[in-house]
2 protein chains.
Amino acid sequence: MSTLTPTARAILGLVALEARTGYDIKRISDSSTRFFWGASYGQIYPELRRLEKAGLVEARDEPRGRVRRRVYSITPAGQQAVREWLLDAETAFEIRDEGLLRLFFRDLLEQDEVLDLVRSRRTWFELTAAYFREIC
Amino acid sequence: MSTLTPTARAILGLVALEARTGYDIKRISDSSTRFFWGASYGQIYPELRRLEKAGLVEARDEPRGRVRRRVYSITPAGQQAVREWLLDAETAFEIRDEGLLRLFFRDLLEQDEVLDLVRSRRTWFELTAAYFREIC
DNA sequence: TTCTTCATGTAAATAGTTACATGATTCT
DNA sequence: AGAATCATGTAACTATTTACATGAAGAA
């Protein structure tokens, strides 16, 4: 079984939720998964073709007028792959959090500056949450 | 001012906490910052040279016997760069969290499976916290 | 003597971003 | 007519991991 990258899984998951074009996936991920796992066109289009080759998604052409358009949908194999990923309790899951990294280095600051640091993280959380609520 | 990558900042921060060799940085980061921002030798050694070139760290040779050994320490410019980073309240800070990504796709599971998913995240948190406490 | 740790590095591969090119359709 | 959106893609660059090479020093 080919091991997918987290980005591949994010894309697969979005297709599993609903059949979509690469353009859709970019738009949706920009307003949802972006907050914990982003994806760019440079990933999305090549990855969709890899997933198709692996039999996890299938594509059909659904042009709108003269504009070509490929809609991807999940296959049974893809559905199983997503489920396996979501239910896997064993493997370690990647985390990167620059905000936590900054908190780790708090000793490099004066006491009142540490407060500023914590406050700025809090503000950032609040803004992100508000923005998330707005676009969802 | 050259814009540093988060990895460069992680390395700079570790040097700022204490003068260290590239080997030290790898060891320390493996038992601390790894949980929110990892670094590999392939990043560390080239990055230390870049930071040195940028004047943010300085190196001196401190061989042990016949073993060559370069100890890096922070410069005033480096100290300022770290402080600016830690106190910057404006810029967005990168997050990647595969665990959150999985929770996002919960609708692809049955109700009882969602519970398993949440439980596995919880277990993972507890194990990570326990391990962190152990090595710190 | 053999295993582990200290120590520095690189080559190759994979992952991911940024910026661009292209063109149709829809909205103002 | 002009701007925004829909739609697909790639080239070049940057970031990151993995696996290897090398060898001294110290511990068992």
Side-chain angles (χ1 to χ4, degrees), chain A residues 2-12 14-15 19-31 33-34 36-52 54 57 59-72 91-98 101, chain B residues 2-12 14-15 19-31 33-34 36-52 54 57 59-72 91-98 101:
Chain A
S2 58
T3 30
L4 302 174
T5 62
T7 301
R9 295 195 275 242
I11 293 169
L12 189 63
L14 289 173
V15 172
R20 298 180 212 267
T21 65
Y23 185 83
D24 288 336
I25 288 169
K26 173 69 169 139
R27 194 169 33 79
I28 302 294
S29 101
D30 277 353
S31 64
T33 60
R34 166 168 77 91
F36 26 89
W37 208 281
S40 61
Y41 284 129
Q43 293 284 127
I44 292 168
Y45 285 107
E47 192 61 62
L48 281 171
R49 283 193 297 269
R50 271 193 292 274
L51 291 171
E52 191 189 4
V57 301
R60 50 183 197 286
D61 285 307
E62 286 186 19
R64 290 244 240 252
R66 232 156 308 166
V67 180
R68 80 186 154 131
R69 197 159 155 277
R70 302 203 80 196
V71 177
Y72 290 88
T91 49
F93 295 101
E94 232 185 295
I95 282 199
R96 305 217 124 188
D97 188 332
E98 203 186 336
L101 185 64
Chain B
S2 59
T3 29
L4 302 174
T5 62
T7 301
R9 296 195 274 243
I11 293 169
L12 189 64
L14 289 173
V15 172
R20 300 181 212 264
T21 65
Y23 184 83
D24 288 337
I25 288 169
K26 173 67 169 142
R27 196 169 31 81
I28 302 294
S29 102
D30 276 353
S31 64
T33 60
R34 167 169 76 90
F36 25 89
W37 207 280
S40 60
Y41 284 129
Q43 294 283 126
I44 292 167
Y45 285 107
E47 193 60 63
L48 281 170
R49 284 194 295 271
R50 272 193 292 274
L51 291 171
E52 190 188 6
V57 302
R60 51 183 197 286
D61 285 307
E62 285 186 21
R64 290 243 241 254
R66 231 159 307 169
V67 179
R68 80 186 154 130
R69 196 159 155 277
R70 306 202 77 196
V71 177
Y72 290 88
T91 48
F93 295 100
E94 232 185 293
I95 284 199
R96 303 218 126 187
D97 188 331
E98 203 187 336
L101 185 64

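These numbers come from the heavy atoms of this one structure, side chains and all, not from hydrogens, waters or symmetry mates. Every chain is numbered from 1 and lettered A, B, ... according to where its sequence line falls, protein lines coming before strand lines.
The C1' atoms of five pairs define one axis at each end of the helix from dT1(C)-dA28(D) to dT28(C)-dA1(D), and these two axes lie 30° apart (to 10°).
Separating the CZ atom of Arg20(A) from the P atom of dA7(D) is a distance of 13 Å, rounded to the nearest angstrom. Taking atom CD1 of Ile44(A) as the reference point, atom C1' of dA7(D) lies 12 Å away to the nearest angstrom. Rounding to whole angstrom units, CD of residue Glu52(B) and C1' of dT8(C) are separated by 14 Å. Atoms OH (Tyr23(B)) and P (dG26(D)) sit 14 Å apart, rounded to a whole Å. Nucleotide dG9(C) holds its P atom 13 Å from the CG atom of Asp24(B), rounded to whole Å. In this entry the distance linking NZ of Lys26(B) with P of dC6(C) reads 13 Å, nearest Å. Taking atom CG of Leu48(B) as the reference point, atom C1' of dT8(C) lies 11 Å away to the nearest angstrom. In this entry the distance linking CG of Leu51(A) with P of dA15(C) reads 12 Å, nearest Å.
For Gln43(B), there are no side chain to side chain donor-acceptor pair (under 3.5 Å) partners, not counting sequence neighbours. Checked against ring-ring contact (aromatic ring centres under 6.0 Å, His included), Tyr23(A) has no partners two or more places apart in sequence or in another chain. Annotation: side chain to side chain donor-acceptor pair (under 3.5 Å) contacts of Arg64(B) (sequence neighbours excluded): none. For Glu94(B), the salt bridge (Lys or Arg N to Asp or Glu O under 4.0 Å) test picks out no residue, with sequence neighbours left out.
When all heavy atoms of Ala39(B) and Lys26(B) are compared, the closest pair comes out as O-NZ, 3.5 Å. Counting all heavy atoms, side chain and backbone alike, Tyr41(B) lies closest to Pro46(B) at O-CD, 3.7 Å.
Checking the phosphate oxygens (OP1, OP2) of dC6(C), no side-chain nitrogen or oxygen of Thr21(B) falls inside 4.0 Å. Of the side-chain N and O atoms in Arg64(B), one or more sit less than 4.0 angstrom from OP1 or OP2 of dA7(C). In this structure, Tyr45(A) reaches the dT8(D) phosphate: one of its side-chain N or O atoms is under 4.0 Å from OP1 or OP2. Dashed line: the shortest gap from a side-chain N or O of Arg68(B) to OP1 or OP2 of dG9(C) is under 4.0 Å.
The structure places OH of Tyr45(A) at 6.0 Å from OG1 of Thr21(A), a figure rounded to the nearest 0.5 Å. Note that the CG atom of Leu101(B) and the CZ atom of Arg9(A) stand 8.5 Å from one another [nearest 0.5 Å]. Here Thr33(A) contributes atom OG1 and Asp97(B) contributes atom CG; the two are 12.5 Å apart, rounded to the nearest 0.5 Å.
Here the nucleotide nearest the side chain of Val67(A), chosen from dT8(D), dT10(D), dG23(C), is dG23(C).
The residue among Arg66(A) and Tyr72(B) whose nearest nucleotide of DNA chain C lies closer to the 5′ end is Tyr72(B). Taking for each of Arg69(A) and Arg49(A) the nucleotide of DNA chain D with the nearest heavy atom, the 5'-most of the two is the partner of Arg69(A).
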Can you check each nucleotide of nucleotides 12-19 of chain D against protein heavy atoms at under 4.0 Å and return B for base, S for sugar-phosphate only, - for none, in 5' to 3' order?
-> ---SBBB-
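Using a distance-only test at 3.5 Å, with no hydrogens or angles considered, no donor-acceptor pair links the side chain of Arg96(B) to the main chain of Arg96(A).
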